[in-house]
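One structure below.
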Amino acid sequence: VTGVQTCALPICKSLLMLLMAIANARQGIKTLFMSFEMNSNALEGRILNNYVGENLKAQHTDENGILDFQGYKKSYNDAKKEKGYKGIKDNLQLFVSKSNSAESVITKIEDAIKDERYEVIFIDYLQLLRFVGMDEWASIRALTSGLKNLAFRTNTLIVTGSQVSRSSTEKGLYLSDLFGGSTIEADTDIVIGLENFKERRQGEKAIINVKVMKNREGDICELKHTVDYSTGRMSYSD
């Protein structure tokens with residue numbers, strides 16, 4: 001699918017997009033994940049936990065909070081040697097930066113598509129990027145328009161994350177809750193929102209509502225999912 005897809009959510013935006021990136025990589029699709037708030041170690045840890053299906057650090061930490069570093073490192077290195085994990089990493093490239101230059105990001109994406117033939121690009125997330133001489137709103141308008149143009153010009157799917165109003169978790173999530181919502185809505189083909197059913201106060205799991213808020217080519221729907229934050233996995237929940 002060519003075009004721009006936005007994940008509009010107050011919770012889980014990085015996790016959801018990373019899960020989508022991993023799923024693409026598992027299928028042999030060349031994927032680039034660009035993060036402007038997380039470091040590479042945190043991303044690598046999430047990918048590994050998702051692959052093995054457990055939180056490796058937690059598995060090697062005793063009841064006093066002391067980490068068995070040698071045991072953890074062995075499990076970590078053993079998992080990285082497995083064929084399935086290597087398959088993910090062969091197709092999933094991470095790009096981490098603290099720069100907020102939108103001009104630079106668009107240039108890097110276009111160069112990466114030409115050089116590495118990426119089919120899907122994930123950007124975490126829109127409001128962290130800014131064009132020189134533009135305020136936040138003008139930057140979002142220019143960025144969504146530029147990404148849409150780039151997606152169609154290069155036949156690439158671009159998936160972005162977007163901030164929403166925190167109060168939307170209490171009254172329901174709508175397109176108008178996106179920061180820069182009108183321009184994001186105009187330039188995207190699909191908008192997906194995530195809603196809390198209730199605040200997660202403790203524990204590793206939460207129930208969220210995955211809500212397709214806009215879909216040019218298909219139905220609008222919503223489905224309840226369970227998120228396991230320890231392993232970075234999501235599953236459909238009846």
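All residue numbers refer to positions in the sequence shown, counting from 1.
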Interatomic spacing from OG1 in Thr154 to CZ in Phe152 - rounded to 0.5 Å | 10.0 Å

When you look at Thr156 and Val120, which way does the side chain to side chain contact (heavy atoms under 4.5 Å, CB included) test go after all the steps?
-> CA-CA 6 Å; Thr156 306; Val120 187; 5.8 Å; no

Should we say atom CZ of Arg216 is surrounded by more than 12 heavy atoms from elsewhere, each under 6.0 Å from it?
-> yes

For Met17 and Gly161 the tightest heavy-atom approach is SD-N, 3.5 Å

For side chain to side chain contact (heavy atoms under 4.5 Å, CB included), just list the numbers for Val227 and Ile207, CA-CA rounded to whole Å, side-chain angles, deciding distance to a tenth of an Å, and then say yes or no.
-> CA-CA 6 Å; Val227 180; Ile207 304 296; over 6 Å; no

Any luck finding a side-chain donor-acceptor pair between Glu82 and Tyr51 under 3.5 Å?
-> yes

Heavy-atom distance under 4.5 Å between the side chains of Leu143 and Phe131, does that happen here?
-> yes

Taking Asn64 for the side chain and Ile66 for the main chain, is one N or O donor matched with an acceptor at less than 3.5 Å?
-> no

Criterion side chain to side chain contact (heavy atoms under 4.5 Å, CB included) on Met38 and Ser14, from CA distance to verdict = CA-CA 9 Å; Met38 295 182 65; Ser14 299; 4.0 Å; yes

Is there a donor-acceptor pair closer than 3.5 Å between any side-chain N or O of Lys98 and the backbone N or O of Glu37?
-> yes

Would a 4.5 Å heavy-atom cut-off, applied to side chains only, mark Ser235 and His225 as touching?
-> no

Test item: side-chain donor near acceptor, Gln127 and Ser162, under 3.5 Å | yes

Heavy-atom distance under 4.5 Å between the side chains of Leu32 and Leu94, does that happen here?
-> no

Any side-chain heavy atom of Asn49 sitting closer than 4.5 Å to one from Glu54?
-> no

Side-chain (Asp135) to main-chain (Trp137) donor-acceptor, under 3.5 angstrom = yes

Any side-chain heavy atom of Leu150 sitting closer than 4.5 Å to one from Glu110?
-> yes

Electrostatic pair Lys89:Glu44 at N-O distance under 4.0 angstrom = yes

Would you say the side-chain atoms of Asn24 pair up with the backbone N or O of Met20, donor to acceptor, closer than 3.5 Å?
-> yes

Say whether, by atom type as modelled, one donor and one acceptor occur between the side chain of Ser99 and the main chain of Ser97 under 3.5 angstrom.
-> no

Any side-chain heavy atom of Lys214 within less than 4.5 Å of one from Thr188?
-> yes

Closest non-hydrogen atoms of Ala79 and Leu48, given as atom of the first, atom of the second and distance, are CB-CD1, 3.8 Å

Using a 4.5 Å cut-off on heavy atoms from C-beta on, say whether the side chain of Phe33 contacts that of Gln93.
-> no

When every non-hydrogen atom of Ile121 is compared with those of Met34, the smallest separation belongs to CG2-SD, 4.1 Å

Output, in order, the C-alpha distance, side-chain angles, deciding distance and verdict of side chain to side chain donor-acceptor pair (under 3.5 Å) for Asp187 and Ser145.
-> CA-CA 6 Å; Asp187 288 330; Ser145 176; 4.9 Å; no

Out of curiosity, Thr231 OG1 to Arg233 CZ, how far, rounded to the nearest 0.5 Å?
-> 5.5 Å

Close side-chain approach of Asn50 to Ile47, heavy-atom, < 4.5 Å = no

Side chain to side chain contact (heavy atoms under 4.5 Å, CB included) between Phe36 and Ile123, intermediate numbers included = CA-CA 8 Å; Phe36 300 92; Ile123 303 173; 3.9 Å; yes

Hey, could you give me the CD1/CG distance between Ile106 and Asp111, rounded to the nearest 0.5 Å?
-> 12.0 Å

For the residue pair Glu119 and Gly28, what are the closest heavy atoms and their distance?
-> OE2-O, 4.5 Å

Quick check: are there more than 12 heavy atoms from other residues, nucleotides or ligands sitting under 6.0 Å from NZ of Lys81?
-> no

Gap separating the CG atom of Leu128 from the OG atom of Ser139, nearest 0.5 angstrom | 12.0 Å

With rounding to the nearest 0.5 Å, note down the distance linking CG in Leu126 to CD1 in Ile140.
-> 6.5 Å

Main-chain N/O of Gly71 paired with Ser75 side-chain donor or acceptor, under 3.5 Å | yes

salt_bridge(Asp90, Lys86) N-O dist < 4.0 Å = no

Please determine, by modelled atom types, if Asn91 and Thr31 share a side-chain donor-acceptor pair under 3.5 angstrom.
-> no

What distance do Phe122 atom CZ and Thr160 atom OG1 have between them, rounded to the nearest 0.5 Å?
-> 10.5 Å

Minimal heavy-atom distance between Ala102 and Leu129, with the atoms involved, is CB-CB, 4.2 Å

Minimal non-hydrogen separation, Ala21 against Leu92, with atom names = CB-CD1, 3.9 Å

Is it possible for you to check whether Lys13 lies under 6.0 Å from the centre of the six-membered ring of Tyr125, through NZ or CZ, and within 45° of that ring's axis?
-> yes

